[in-house]
Amino acid sequence: VYSVSYLGSYMSDLYYGGDWNSLPGDLIINNGVRKRLTSEWGQIEYNKAGLSANYNGVVFALRQSYKNLFWQTSYTWSHALQHAPNAGQANSATTQLFSEVYNPNQYYGNASYDRTNVFSLVATYSVPKLTSHSWINQLTAWQLGTIITAQSGTPFTVVNSAPFPIPTDSDPLGGGYLADEQNFGVPSYNGTHHGGWSRDQARKGVFPNGTADFSAPANFPAVLGEGNQGANTFRNPGYFVVDANVSKAFRLPWFNGEQSTFLLRGEANNLLNRANLGPINNDTNATFFGQSTVASSPRFLQIGGRFEF
């Protein structure tokens, strides 16, 4: 049995927020002193509706049951887009992408949770009985199962959390590209690679020249604004895991008649012990910029039993 499905959604009036009393260029106009848009007030935090997001996906599914084997697989191609997406996921800078609350729609691109390709396979196989002798069948007729999952990586944007200084030869990145003491900026990218990287690259560092692959926005600080990166044009490493299980129910006729059974089950999570790396550090002001320093759980084995009567 096979099927093809389309999933689509559109969301509007999503909330965003920030400091509505910030003034771009504040530190330049006032010689390094922050006086804000209205000096009589401090930080003014306010959430407002006004962003939009959409999702489009196609799901291809196939399943079959043949004798003692059952399997089901699906592949999903999808694309999630939104205004002011987060710059990354957990373990990286997750700042929402907009320079100032008065211009929230500046960035429109891949949502931080977007995964273009998702594949899954579930299969179970019941080992047939080999003989009519019941005591031999106690050693056969096991049930084997597996779950395989593969996903492409999530997107991210490189950001700079350094405070505002004017870029120099020793610090070409500078920081705080709106000069409003927000300590946030999107630097310009001087390289050519976009998309994803291998796990080995993610461990060693995906940008060969480190922060030197980035620079302050063109004409900064004469012109305030962000760099030439689009929204979430880089990709974290993908995810692939194989889980497996084996189980068997043993009948115990000598206890409470034929109604008693003992279920033995063993499970292996991440059977291949693959290192699925976490998000790449996307802050140029961080120690391990451009590297993934976390990983999901390694191989984990467990065995359990259940007595039913």
Side-chain angles (χ1 to χ4, degrees), residues 1-5 7 57-78 89-91 113-154 198-200 202-203 236-279 292-309:
V1 179
Y2 61 90
S3 64
V4 179
S5 306
L7 302 173
V58 181
V59 182
F60 303 88
L62 182 65
R63 72 176 187 270
Q64 183 183 35
S65 180
Y66 178 72
K67 294 184 178 180
N68 295 333
L69 174 67
F70 171 80
W71 61 273
Q72 178 174 306
T73 185
S74 69
Y75 165 74
T76 302
W77 178 92
S78 64
Q89 292 197 308
N91 303 313
Y113 50 84
D114 176 60
R115 292 186 183 272
T116 307
N117 303 289
V118 177
F119 170 83
S120 67
L121 171 67
V122 179
T124 58
Y125 178 71
S126 298
V127 179
K129 296 180 179 180
L130 301 179
T131 177
S132 60
H133 298 288
S134 60
W135 63 273
I136 295 180
N137 285 330
Q138 291 283 51
L139 303 177
T140 62
W142 290 79
Q143 186 174 76
L144 311 177
T146 186
I147 300 176
I148 301 174
T149 304
Q151 301 175 344
S152 56
T154 54
S198 67
R199 289 180 297 155
D200 188 57
R203 279 190 291 259
N236 291 301
Y239 177 86
F240 177 78
V241 69
V242 177
D243 297 330
N245 63 78
V246 57
S247 63
K248 178 173 173 57
F250 296 90
R251 293 188 178 277
L252 305 177
W254 57 84
F255 186 87
N256 199 26
E258 290 288 339
Q259 299 179 6
S260 300
T261 57
F262 176 74
L263 178 64
L264 180 65
R265 181 179 176 88
E267 296 180 346
N269 297 324
N270 194 5
L271 178 65
L272 303 181
N273 202 29
R274 185 181 191 271
N276 288 300
L277 300 181
S292 175
T293 58
V294 296
S296 58
S297 300
R299 181 191 294 124
F300 179 74
L301 306 176
Q302 64 179 356
I303 188 171
R306 185 175 67 195
F307 178 57
E308 298 179 349
F309 61 93

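Basis for what follows: all heavy atoms, side chains included, without hydrogens, waters or symmetry-related copies.
Between the side chain of Asn269 and the backbone N or O of Asp243, no donor-acceptor pair lies under 3.5 Å. In this structure, the side chain of Asn273 engages the main chain of Arg299 through a donor-acceptor pair within 3.5 Å. With Ser152 contributing its side chain and Asn117 its backbone, the two residues share a donor-acceptor pair below 3.5 Å. Here the side chain of Ser78 pairs a donor or acceptor atom with the backbone of Arg115 at under 3.5 angstrom. Side chain of Asn236 to main chain of Gly153: no donor-acceptor pair is present (N/O by atom type, distance under 3.5 Å, no hydrogens or angles).
Pairing each heavy atom of Leu277 with each of Ser292, the nearest pair is CB-OG, 3.4 Å. The two atoms that bring Asn245 and Thr146 nearest to each other are ND2-N, 4.3 Å, heavy atoms only. Closest of all the heavy-atom pairs between Phe262 and Gly305 is CZ-CA, 3.9 Å.
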(request) Step by step, work out the side-chain contact (heavy atoms from CB on, under 4.5 Å) result for Thr124 and Trp71. (result) CA-CA 6 Å; Thr124 58; Trp71 61 273; over 6 Å; no
(request) Check the pair Ser120, Thr149 against side chain to side chain donor-acceptor pair (under 3.5 Å), reporting the backbone distance first and the verdict last. (result) CA-CA 5 Å; Ser120 67; Thr149 304; over 6 Å; no
(message) If you apply the rule side chain to side chain donor-acceptor pair (under 3.5 Å), what do you find for Arg274 with Asn276, and how did you get there?
(response) CA-CA 6 Å; Arg274 185 181 191 271; Asn276 288 300; 2.6 Å; yes
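With a 4.5 Å cut-off on side-chain heavy atoms, Val122 and Phe70 do not count as touching. Annotation: side chain of Val58 is in contact with side chain of Val4 (closest heavy-atom distance under 4.5 Å). By the 4.5 Å heavy-atom criterion applied to side chains, Val59 and Leu7 are counted as neighbours.
Classified by interplanar angle (parallel below 30°, tilted 30° to 60°, perpendicular above 60°), the ring pair Phe250/Trp142 is perpendicular.
Between atom OG1 of residue Thr154 and atom CG of residue Asp114 there is a gap of 9.0 Å, rounded to the nearest 0.5 Å. Taking CD1 of Ile147 as the start and CG of Leu121 as the end, the distance is 9.5 Å to the nearest 0.5 Å. Remark: Ser126 OG to Leu69 CG distance equals 9.0 Å, nearest 0.5 Å. The OH atom of Tyr239 sits 12.5 Å away from atom CZ of Arg199, with the distance rounded to the nearest 0.5 Å. Expressed to the nearest 0.5 Å, how far CZ of Phe307 lies from OG1 of Thr261 amounts to 8.0 Å. For the atom pair CZ of Phe119 and OG1 of Thr76, the computed distance is 10.5 Å after rounding to the nearest 0.5 Å.
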